[in-house]
There are 2 protein chains.
Amino acid sequence: MGEFSKEVNATFDSEFVKAMLNLKYTANYITTLNNKELEPHQISIAQYNILRILRGAKKPIPMKLVKKRMIEKSPNTTRLTDKLCDKELIERVRCEEDRRAVYVSITPKGLKLLSKIVFKEMPTRMQYLTKDELVLLNSLLDKIRD
Amino acid sequence: MGEFSKEVNATFDSEFVKAMLNLKYTANYITTLNNKELEPHQISIAQYNILRILRGAKKPIPMKLVKKRMIEKSPNTTRLTDKLCDKELIERVRCEEDRRAVYVSITPKGLKLLSKIVFKEMPTRMQYLTKDELVLLNSLLDKIRD
DNA sequence: TGTTTTTATTTACCTTGGTAAATAAATGAA
DNA sequence: TTCATTTATTTACCAAGGTAAATAAAAACA
C-alpha cells in the first residue's frame, strides 16, 4: 500500500513535470510560429496584440488599460508602444484632465496594416483542436493559475 | 445558415485566441513561480533542469544530449552550463575519442544542492489538477504541435 | 590522400522583457 | 495649505534567449 501510493505519486509527478515542460514548450512554439508569420509585416506578436486591442477599443484608451488587456508588465507596454509610434501605427496623447495618464489610439496606417494580416499557419493547426477541446484546454490552464 | 456558421467560427476563433493567450500567460506564470522558489538557491529553473538531467543520467553525457533533453537551442545550453560550471555544480570534459564533443556531469556539490531543493508552491497548485487532467492537458498540448 | 561536407560547440551580436528607481501629477490627511 | 501617499508612466540597468557566423574536429568521398 505504501509502495502503491508511492508509485501513484511518481506517476503524478512525472505527468506534472511533463505538463509543465509541455506548456512552456508549446507556448514558445506558438510565439515563434506567430512571429515568423508576422515577420513580413515588421511587427512582433506582442505589437500585433496591441494593435488589435486598440482596434477593438474603437477610441483612445489609457496605457493602463492596454497594459491590463495585454496582461503585460508596464515597462514592456511602454517599449512596445514606442515601437508602434515610430512606425506611425499608433498615436499617443497626454490626457488633459489627468496629466499623468497617456491615451493611445490606432492610426489609419495601423488599421490598414491590421487588415492586411491574415494568419495562414495558425488556422491549419487550429483544426487539430475542436472548439470543445479548446474550451477544455482553457479551463485546465485556468485551474493551474487558480 | 451562413450567419450561423459565421457565429460558430467567431466563437471558435475567440476560444482559440483565448487559449493561445492563456497558454503563454500560464507558461510565464509557472516560470516566474519556479524562479521565485529557486531564488534562495541562486539558480534559474533552466539551470535546475540541467542539474536534474545530469543527476538522472548518472554519468557524463554529451552537451548534445543535454540540449536535446532540454528542448533548448544550443547557444543557450552552452551559456547555462557556463554558469553551472562557474558555481562548480557541474563539470565539463572534452571527449578524447571525438574531440568535438564535450561531456558534462554533475558534481557532488551539485547533487547536494539538488537534494536541498524542495518545491513548496508547486505541489499546492498541482493539487488543483488530477492525474487524469494532467494527462488530458498533455494530450491537448501535443495536438497543437502535431 | 586531399578536399568537401557534416557535426558539435562556442562566440558575437542583438532583441526582448524583467526589476527597481525616477518622474510627475493627483489624492488625501493634518 | 502643505506634506505624505498613491497612481501612471517612463527610464536605466540587467539577464535571458534567439540567429548567424566562427571554430574545430570527424566523416564522406572523389
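Letters A, B, ... mirror the listed sequences (proteins, then strands); counts begin at 1. Since the structure is predicted, the reported quantities are computational estimates derived from the model, not experimental observations.
Applying the ring pair (Phe, Tyr, Trp, His ring centres under 6.0 Å) test to pairs two or more places apart or on separate chains, those with a residue in residues 44-64 of chain A are Tyr48(A)-Phe119(A). A ring pair (Phe, Tyr, Trp, His ring centres under 6.0 Å) check over residues 73-117 of chain B, counting only residues at least two apart or in different chains, returns nothing.
Counting any heavy atom pair closer than 4.0 Å across all strands shown, Lys83(A) reaches sugar-phosphate atoms only and no base atom. Within the nucleic acid shown, Glu97(B) comes within 4.0 Å of sugar-phosphate atoms alone, with no base atom in reach, counting heavy atoms only.
Think of Ile71(B) as one node in a network of Ile, Leu, Val, Met, Phe, Trp and Tyr side chains linked at under 4.5 Å; its network also takes in Tyr25(A).
Mapped onto DNA chain D by nearest heavy atom, Glu96(B) and Ala46(B) fall at different nucleotides, with Ala46(B) at the one closer to the 5' end.
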Using a cut-off of under 3.5 Å, enumerate the N/O to N/O pairs linking the protein to nucleotides 7-11 of chain C.
| residue | atom | partner | partner atom | Å |
| --- | --- | --- | --- | --- |
| dT7(C) | O4' | Arg100(B) | NH1 | 3.4 |
| dT7(C) | O2 | Arg100(B) | NH1 | 3.1 |
| dA8(C) | OP1 | Lys64(B) | NZ | 2.4 |
| dT9(C) | OP1 | Met63(B) | N | 3.3 |
| dT9(C) | OP1 | Val102(B) | N | 3.0 |
| dT9(C) | OP1 | Val102(B) | O | 3.2 |
| dT9(C) | OP2 | Lys64(B) | N | 2.6 |
| dT10(C) | OP2 | Thr78(B) | OG1 | 2.9 |

Polar atom pairs (N or O), protein with nucleotides 2-5 of chain C, under 3.5 Å:
none

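No more than 12 heavy atoms of other residues, nucleotides or ligands sit less than 6.0 Å from atom CD of Glu91(B). Surrounding NZ of Lys36(B) are at most 12 heavy atoms belonging to other residues, nucleotides or ligands under 6.0 Å away.
Computed from coordinates, the Glu72(B) CD to dT19(D) P distance equals 12 Å when rounded to whole Å. Between Asn34(B) atom CG and dA16(D) atom P the separation is 15 Å, expressed in whole Å. Rounded to whole Å, atom P of dG17(C) lies 17 Å from atom NZ of Lys24(A). In this entry the distance linking NZ of Lys73(B) with P of dT15(C) reads 17 Å, nearest Å. The interatomic distance linking Leu38(A) (CG) with dT15(C) (P) rounds to 18 Å, in whole Å. When the P atom of dG17(D) is taken as reference, atom CG of Asn76(B) falls 5 Å away, rounded to whole Å. When rounded to the nearest whole Å, the span between CD1 of Ile45(B) and C1' of dA15(D) equals 16 Å. Between the CD atom of Gln42(A) and the P atom of dT16(C) there is a distance of 12 Å, given to the nearest Å.
Looking at heavy atoms from C-beta onward, Leu141(B) lies out of side-chain contact with Lys18(A) at the 4.5 angstrom threshold.
Here the shortest heavy-atom pairing between Arg92(B) and Val104(B) reads CG-CG1, 4.0 Å.
Contacts of Ser74(A) classified as side-chain hydrogen bond (donor to acceptor under 3.5 Å, both in side chains), with partners at least two apart in sequence or in another chain: Lys67(A).
Not a single donor-acceptor pair under 3.5 Å links the side chain of Lys64(A) to the backbone N or O of Val102(A).
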